Amino acid sequence: MTAPARLDGRVALVTGAASGIGRAMVETFAAAGASVVVADVDAAGATAVAAGIAAGGGRAIGVAMDVTDERQVEAGFDTCIAAFGGIDIAVSNAGIQVVKPVHEFAFDEWRRVVGIHLDGAFLCTRAALRRMYPAGRGGCLLYTGSVHSKEASALKAPYVSAKHALVGLAKTVAKEGGPHGVRTNVICPGFVKTPLVLAQIPELARRHGISEDEVVRTVLLKDTVDGVFTTVEDVAQTALFLAAFPTSALSGQSVIVSHGWHME
Ligand code: NAD
């Protein structure tokens with residue numbers, strides 16, 4: 001049997017890490033030996049998650065970071081370097097969802113969703129590369145995409161558009177980063193029971209004219225092979241595998257973790 005993946009001596013920064021999938025990633029990375037920066041627009045939440053990791057013997061700090069704010073993103077990466085001496089793994093994970101048909105979206109709402117997912121990923125990528133390239137020790141960039149990086153669902157146009165775009169960003173950065181030893185991959189989860197998903201179920205029920213239970217069965221999990229939600233642990237273990245993978249043999253890829261909702 002292979003030993004579990006380890007990240008001893010590595011430094012990881014994860015955005016949107018005060019909750020859900022991002023939180024599971026920082027906790028998993030820290031348990032594997034990494035020093036972690038818990039970055040989130042929810043500063044108190046980020047501090048609390050970091051304190052929990054530190055209380056368990058891990059190395060973690062929380063930073064306030066709105067991923068759409070260039071200065072906050074740069075400052076968060078500077079804090080990471082100052083605290084831990086470098087950056088090896090950066091995960092662009094922060095996200096939100098707004099559920100309504102395209103013709104009802106206000107331009108500001110569209111820009112907010114696309115801004116957090118795509119502009120946020122760009123700012124995070126650029127900040128990481130500007131520190132990884134000169135350090136000369138390679139690196140790993142991960143993006144939390146979605147099955148919605150591969151296919152669409154009604155009522156989620158800006159989210160689906162931005163998640164598709166992340167695949168293009170990751171493939172481009174895989175090509176540019178290859179010579180520097182920087183690899184990129186997109187993790188594409190199916191539905192995971194986090195606040196982002198739980199908050200949209202009532203609205204989906206209203207829009208589809210069905211009960212919340214039916215939303216889960218006939219909308220969210222309809223195309224899975226077993227009717228089971230993906231978990232934060234499933235996604236975090238995938239992130240750990242990709243973060244610990246030693247070469248660019250795996251770069252520019254999408255790894256779909258969705259109970260077979262989407263198959264390639
Ligand atoms: P979540 O709501 O539990 O966590 C999202 C986190 O992002 C929160 O802590 C929130 O404060 C933070 N955030 C929001 N806006 C931000 C900003 N501007 N700057 C920094 N942080 C910000 O949701 P989650 O399900 O864990 O989502 C994490 C990622 O996973 C998202 O990119 C989401 O699209 C993706 N995803 C989720 C699912 C799912 O089913 N839950 C499936 C596929 C992909």
Side-chain angles (χ1 to χ4, degrees), residues 13-28 37-50 62-77 90-99 109 111-124 127 142-153 156 158-167 169-170 186-201 204 215-216 219-221 223-224 228-236 238-239 254-259 261-262:
L13 182 150
V14 181
T15 70
S19 174
I21 290 169
R23 177 181 181 157
M25 286 179 181
V26 285
E27 290 173 349
T28 300
V37 178
V38 183
D40 206 291
V41 71
D42 171 5
T47 304
V49 169
V63 299
M65 183 193 289
D66 177 342
V67 294
T68 64
D69 182 316
E70 192 172 359
R71 262 186 278 179
Q72 287 186 32
V73 173
E74 288 294 323
F77 276 82
V91 188
S92 178
N93 168 78
I96 61 164
Q97 180 62 283
V98 178
V99 173
E109 283 175 318
R111 277 195 289 226
R112 183 156 168 267
V113 179
V114 173
I116 290 173
H117 289 277
L118 188 55
D119 298 353
F122 160 69
L123 289 175
C124 198
L142 296 176
Y143 301 88
T144 307
S146 167
V147 166
H148 288 119
S149 299
K150 301 289 171 180
E151 52 182 85
S153 292
K156 298 182 177 176
Y159 185 91
V160 170
S161 303
K163 290 298 194 190
H164 273 65
L166 287 181
V167 174
L169 174 63
V186 185
I187 302 173
C188 298
F191 283 104
V192 183
K193 271 194 258 179
T194 66
L196 181 143
V197 160
L198 296 173
Q200 66 185 264
I201 292 176
L204 286 170
V215 167
V216 172
V219 180
L220 303 188
L221 303 180
D223 293 321
T224 61
V228 173
F229 276 100
T230 302
T231 66
V232 294
E233 290 79 16
D234 295 329
V235 183
T238 306
S254 299
V255 179
I256 301 156
V257 190
S258 71
H259 285 259
W261 167 13
H262 183 85

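Since the model is a prediction, treat every value here as computed from it, not as a measurement. Start at 1 and go down the list; that is how both ligands and their atoms are numbered.
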(request) Can you pull out the closest protein heavy atom to atom 42 (C) of ligand 1? Residue, atom name and distance to 0.1 Å, please. (result) Gly190 O, 3.2 Å
(message) To check your reading of the model: name the closest protein heavy atom to atom 43 (C) of ligand 1, its residue, and the distance in Å.
(response) Pro189 O, 3.4 Å
(message) Exactly one of Val235, Thr230, Thr231 should register a side-chain contact (heavy atoms from CB on, under 4.5 Å) with Glu233. Which one does?
(response) Thr231
(request) Work out whether the distance between some heavy atom of Arg23 and some atom of ligand 1 is less than 4.0 Å. (result) no
(message) I'd like to know if Tyr159 contacts ligand 1, where contact means a heavy-atom distance under 4.0 Å to any ligand atom.
(response) yes
(message) Please check whether Ile116 reaches ligand 1 - meaning an N/O of the residue sits under 3.5 Å from an N/O of the ligand, judged on distance alone.
(response) no
(request) Could you list which atoms of ligand 1 come closer than 4.0 Å to a heavy atom of Val197? (result) 39 (C), 40 (O), 41 (N)
(message) Is there a side-chain contact between Val113 and Lys156 in this structure, where contact means two heavy atoms from C-beta onward sitting under 4.5 Å apart?
(response) no
(message) Students should be able to answer this: which protein heavy-atom is nearest to atom 35 (C) of ligand 1, and at what distance?
(response) Thr144 CG2, 3.6 Å
(message) So if I apply the side-chain contact (heavy atoms from CB on, under 4.5 Å) rule between Lys163 and each of Ser149, Cys188, Pro158, which one comes out positive?
(response) Ser149
(request) Give a yes/no on ligand 1: does Gly45 have at least one heavy atom closer than 4.0 angstrom to it? (result) no
(request) For atom 20 (C) of ligand 1, find the nearest protein heavy atom and state the residue, atom name and distance (0.1 Å precision). (result) Met65 O, 3.0 Å
(request) Look at atom 7 (O) of ligand 1 and say which protein heavy atom is nearest, naming residue and atom and giving the distance to 0.1 Å. (result) Gly16 CA, 3.5 Å
(request) Could you grab the distance from atom NE2 of His117 to atom OG of Ser161, nearest 0.5 Å is fine? (result) 11.0 Å
(request) Do me a favour and list the nearest non-hydrogen protein atom to atom 3 (O) of ligand 1 with residue, atom name and distance? (result) Ser19 OG, 2.6 Å
(request) Kindly identify the option in Ile21, Thr194, Val14, Asp40 whose heavy atom sits closest to atom 38 (C) of ligand 1. (result) Ile21
(request) Please say whether Asp42 places an N or O atom under 3.5 Å from an N or O atom belonging to ligand 1. (result) no
(request) List every atom of ligand 1 that sits less than 4.0 Å from any heavy atom of Asn93, numbering the atoms from 1 in the order shown and giving each element. (result) 28 (C), 29 (C), 30 (O), 31 (C), 32 (O)
(message) I want to check something: taking the side chain as every heavy atom from C-beta on, are Leu220 and Val215 in contact at a cut-off of under 4.5 Å?
(response) yes
(message) Looking only at protein heavy atoms, which one is nearest to atom 40 (O) of ligand 1, and what is the separation?
(response) Val192 N, 2.7 Å
(request) Could you tell me the residue and atom name of the protein heavy atom closest to atom 13 (N) of ligand 1, and the distance to it rounded to 0.1 Å? (result) Val41 CG1, 3.9 Å
(request) Within a distance under 4.0 Å of any heavy atom of Asp66, pick out the atoms of ligand 1 and give their elements. (result) 17 (C), 18 (N), 19 (N)
(request) Could you check which of Val67, Leu196, Val147 puts a non-hydrogen atom nearest to atom 27 (O) of ligand 1? (result) Leu196
(message) Tell me whether Gly145 reaches ligand 1 (any heavy atom closer than 4.0 angstrom to a ligand atom).
(response) yes
(message) Distance under 4.0 Å to a non-hydrogen atom of Gly20: what atoms of ligand 1 satisfy this?
(response) 3 (O), 26 (O)
(message) Would you call the rings of Trp261 and His148 parallel, tilted or perpendicular, taking 30° and 60° as the class edges?
(response) perpendicular
(request) Would you mind running through ligand 1 and noting each atom that sits below 4.0 Å from a heavy atom of Gly95? (result) 5 (C), 7 (O), 14 (C), 31 (C), 32 (O)
(request) Work out which heavy atom in Ile116 is nearest to a heavy atom in Ala94; give both atom names and the distance. (result) CG2-O, 3.9 Å
(request) Enumerate the atoms of ligand 1 whose separation from the nearest heavy atom of Lys163 is less than 4.0 angstrom. (result) 31 (C), 32 (O), 33 (C), 34 (O), 35 (C)
